[in-house]
2 protein chains.
Amino acid sequence: MQVIKQYIEDNKQRLLDELFELLRFPSVSADPKYATDVLNAADYVAKKLTDAGADNVEVCKTAGYPIVYGDKIIDASLPTVLVYGHYDVQPPDPLELWHTPPFEPTVRDGKIYARGACDDKGQFYMHVKAFELMMQTNTLPCNIKFMIEGEEEVGSNNLGIFVKANKERLKADVVLISDTSMISMEHPSLETGLRGLSYLEVEVTGPNRDLHSGVYGGAVANPATVLAKMIASLHDDDNHITIPGFYDDVTELTTAERAELNAAPYDEEEYKKDLDIAEIWGEKGYTTFERTGTRPTLEVNGIWGGYIGEGAKTVLPSKASAKISMRLVPNQISEKITQLFTDHFLKIAPKYVKIKVTPHHGGEPVVTPTDSIAYRAAQKAIAEAFGKQPIPTRGGGSIPIVALFEAELGIKTVLMGFGLDSDALHSPNEKYDIFNYYKGIETIPLFHKYFAELSNV
Amino acid sequence: MQVIKQYIEDNKQRLLDELFELLRFPSVSADPKYATDVLNAADYVAKKLTDAGADNVEVCKTAGYPIVYGDKIIDASLPTVLVYGHYDVQPPDPLELWHTPPFEPTVRDGKIYARGACDDKGQFYMHVKAFELMMQTNTLPCNIKFMIEGEEEVGSNNLGIFVKANKERLKADVVLISDTSMISMEHPSLETGLRGLSYLEVEVTGPNRDLHSGVYGGAVANPATVLAKMIASLHDDDNHITIPGFYDDVTELTTAERAELNAAPYDEEEYKKDLDIAEIWGEKGYTTFERTGTRPTLEVNGIWGGYIGEGAKTVLPSKASAKISMRLVPNQISEKITQLFTDHFLKIAPKYVKIKVTPHHGGEPVVTPTDSIAYRAAQKAIAEAFGKQPIPTRGGGSIPIVALFEAELGIKTVLMGFGLDSDALHSPNEKYDIFNYYKGIETIPLFHKYFAELSNV
């Protein structure tokens, strides 16, 4: 432990500088205009893995953005940890809301402000540096493999193909991911599960052209109004989702599980204050933790139609569209939910409009068994680094590839996240606390240590 | 009549070329980036008025875009016609749907395709050329004044101030406007009224920042969903508008008036085919003509919120907005309706969001008495030029300044429009038939002739 702290102390500034360099790549995978930057970010990750002491480093081509691989096999008889992360980031818009440029990392009272600071550059890079630390201090207790992809924010479409094609190379005993959050540094927590995802885009078409709202208004169905009515109908008055069969596969938590989940500290006034909302919202009969962790949801991620420019245009739009995503919980199946949504949306469409539903991407929900060696190793590592036992939590986000690893590689994943819900992931002014960054680099070697120890028992 | 036809024949190409030159100015008043083009269009109009023989031509400054004035007073004892029109146009977007550039007029099978071709450059310019014709052939039978503004598409905010300040200069016996449409060239028609307008923008704010839809989804109200529910609630199942008091001032038509209105030719199959819709829509208990001409409406002109770019972004948006306009009929009052909407919208807002309502602009509905000298003069002119009596119709659009002229100058307006509903006003590929353009130039001098004759009776 002392060795770890000393190494971090001796390299404090450099560990930060290298992360800043990584954050300066605008590696936005959703927008083609950043293609070159995404590729440059991949090359940087490869170089840093090599510098840290990794062997077999390769920027592996895919149909989309490359996957960076690297490993260190010290002894085939020792257990192997597969570290996963992603070097791509969410689009930075709305740009005007950033206090400092999204791709020029800026420190304000101990926090690093930049797109990707927490999700996931700041978090996966802790593993690269923790690996460097273990190499430099000769404390690497097991084999380690890295797989850092560049399409997580757009559905990891090519990762599945890569994993299927590289089962031998990726063989490991556990997948370790830092791409989630803790309750707080005072209340360290450890994910026991994640929600799945079904993401679609819908388009409602009325007349074959934008119309003058004076000449046609009142006589032709307005697709924006129709879309509004259709979206409005997807939740009932108790905020239950109205899609037939939507809840069929949902596993309800036991009273004990609910109690444990709700034991985590939660200050509703703080929660509302942080978001500047007068009231929380959600499915009737559930707490905030249950709503975000254990219940499926349906959210409008984007909506547009008609004239959205400066000033006024008296138009009756031809089309209106929306991006809609649903978070899924065990045992919902992404493909099945996508189908249920599509069938329902087409069914409720009035006959004076045409509907197009386009599935974007999906992912399955996962649960991490708390009695596994890997989970217990993570518990011990956090307990030692933070001085207190982590609280088990259910994550609301989705990391579709966790289910993929389970299915293809037959191994479980440990979600050891060091972010905070207040890190504004996917929002303007995303940040990551410098404290958390160093704390992660400090905790990760302990995980490897305990994982090796417990595996040998 | 022969003189008129001959003059048009002798100048056919030039009359078209000059209009094309006018159409090439991208005089979009709603978007500041076109400011210079709007001003250039004003100068062009002034030059053409002078060339046509007008006196006292002036590009009159206002707080916004200038108003072009010009006149020809041949004898103070003769009646005076005040011609109104506007040289500004609607924004051209969505640009990608235009088959040819909006500001490069292109002729395809007898139709001029360009933004403003019909609304209103093509139509007001007929008056400039008809004036030239009367000057050149010494047939101007009365005094004429021109007032061509540049802010009609954004609410004519400065016209009212100008009119109040120039009552003497604008003194006239009738206002003549060509900014509306006919049923068809086979079925010439003449407006007997227009709808008013109340245009607002609403903004729904939820959390103070865009949120990760996984971390917060299901626990925080989504402003896009809230806006959808609010918009959905503005019409009931019979498509009546649900705003309390909205219909209080509406004058219902008499059975006779409804019969006359519905006597106009209407082919529903043709109507649906033209718009490519399977069903028409509208307020229960009314025909299409009644819905567009005599009933108030509420339309979403634009809606936006969250991520509307390429690909997928799993965000729970902080804000969602919509542009909403209501068409008003006699005796609804724009300001009152704006207030009713605002009060209602704030009232139905759930407490977990904040609402901002911003009025854009409005205008009052008008009715033209069919027994007036001016209306009868227009009837005779159309009857002579088209060889058949015009059908009286109610226009669905709004020309707010008609009510203004009545209030400030104490004179009625004649709406002698030569457009067609199929001209795609405010839409991509706006067009104006060359036939209608020439037909207008032919009809206008007849209006002046009959207006002078009937006035002297």
Side-chain angles (χ1 to χ4, degrees), chain A residues 30-31 90-91 154 199 207-210 212-215 217-222 224-225 228-229 231-232 275-282 288 291-292 295 297 299-316 325 327 351-352 360 396-398 421 424-427, chain B residues 30-31 90-91 154 199 207-210 212-215 217-222 224-225 228-229 231-232 275-282 288 291-292 295 297 299-316 325 327 351-352 360 396-398 421 424-427:
Chain A
D31 189 340
Q90 280 276 317
V154 288
Y199 200 117
N208 53 6
R209 60 183 187 271
D210 284 0
H212 187 301
S213 66
V215 178
V220 177
N222 184 322
T225 311
K229 277 187 183 284
I231 288 172
L275 302 173
D276 187 23
I277 51 175
E279 286 297 337
I280 58 167
W281 174 96
T288 292
R291 288 165 172 170
T292 58
R295 297 295 296 171
T297 64
E299 296 291 343
V300 175
N301 303 114
I303 186 167
W304 68 99
Y307 184 68
I308 63 180
E310 275 284 310
K313 189 168 190 284
T314 50
V315 67
L316 192 163
S325 65
R327 296 284 170 173
K351 56 191 174 321
Y352 33 68
H360 263 302
S398 308
D421 285 354
L425 309 189
H426 298 203
S427 310
Chain B
D31 190 340
Q90 280 276 317
V154 289
Y199 199 117
N208 54 7
R209 60 183 186 271
D210 284 0
H212 186 302
S213 66
V215 178
V220 176
N222 184 323
T225 311
K229 277 185 183 285
I231 287 172
L275 302 173
D276 187 24
I277 51 175
E279 285 298 336
I280 58 166
W281 174 97
T288 292
R291 287 165 173 172
T292 57
R295 298 296 295 171
T297 64
E299 295 292 342
V300 175
N301 303 112
I303 185 166
W304 67 100
Y307 183 68
I308 63 180
E310 274 285 311
K313 189 168 190 284
T314 51
V315 68
L316 192 164
S325 66
R327 297 285 172 172
K351 56 191 172 324
Y352 32 69
H360 264 302
S398 306
D421 285 354
L425 308 188
H426 298 205
S427 310

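Proteins come first, then strands; the chains are lettered A, B, ... in the order of their sequence lines, and each starts at number 1. Values below: every heavy atom of this structure, side chains too, minus hydrogens, waters and symmetry copies.
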>> Only pairs of heavy atoms separated by less than 4.5 Å count here; which of Ser213(A), Gly309(A), Gly282(A) has the most with chain B?
In response: Ser213(A)
> When only pairs under 4.5 Å are counted, which of His212(A), Arg291(A), Glu310(A) shares the most heavy-atom pairs with chain B?
Replying inline: His212(A)
> For Ile303(A) and Ile308(B), which heavy atoms make the closest approach, and how far apart are they?
Replying inline: O-CG2, 3.5 Å
> Gly302(A), Ala312(A), Ala278(A): which one forms the most heavy-atom pairs within less than 4.5 Å of chain B?
Replying inline: Ala312(A)
> Given a strict heavy-atom distance threshold of 4.5 Å, which part of Arg295(B) is in contact with chain A: side chain, backbone, both, or neither?
Replying inline: neither
>> Any side-chain to backbone donor/acceptor pair from Lys313(A) onto His426(B)? Under 3.5 Å, distance only.
In response: yes
> Which bit of Ser325(A) is near chain B, if near means a heavy-atom gap under 4.5 Å: side chain, backbone, both or neither?
Replying inline: side chain
> Shortest non-hydrogen contact from Val300(A) to Ala224(B)?
Replying inline: CG1-CB, 3.7 Å
> So which part of His360(B) gets closer than 4.5 Å to some heavy atom of chain A, the side chain, the backbone, both or neither?
Replying inline: side chain
> Do you know the tightest heavy-atom contact between Ile231(A) and Ala228(B)?
Replying inline: CG2-CB, 3.8 Å
> Looking at Leu316(B), Val154(B), Ile280(B), Asp421(B), which makes the most heavy-atom pairs under 4.5 Å with chain A?
Replying inline: Asp421(B)
> Just by distance, do the side chain of Asn301(A) and the backbone of Thr314(B) share a donor-acceptor pair under 3.5 Å?
Replying inline: no
>> Between Asn222(B), Thr297(B), Leu275(B), who has the most heavy-atom pairs with chain A when the cutoff is under 4.5 Å?
In response: Leu275(B)
> Checking heavy atoms, do the side chain of Ser427(B), its backbone, both or neither come under 4.5 Å from chain A?
Replying inline: both
> Is it the backbone or the side chain of Tyr199(B) that comes under 4.5 Å from a heavy atom of chain A, or both, or neither?
Replying inline: side chain
>> If we define contacts as heavy-atom pairs under 4.5 Å, which of Ala30(B), Pro91(B), Ala424(B) has the most with chain A?
In response: Pro91(B)
> So which heavy atom on Ala219(A) is nearest to which on Thr288(B), and how close?
Replying inline: CB-CG2, 3.9 Å
> Do you know which two heavy atoms are closest between Val220(B) and Trp281(A), and how far apart they sit?
Replying inline: O-CE3, 3.8 Å
> Does Glu299(A) use its side chain to pair, donor to acceptor, with the backbone of Gly218(B) at less than 3.5 Å?
Replying inline: yes
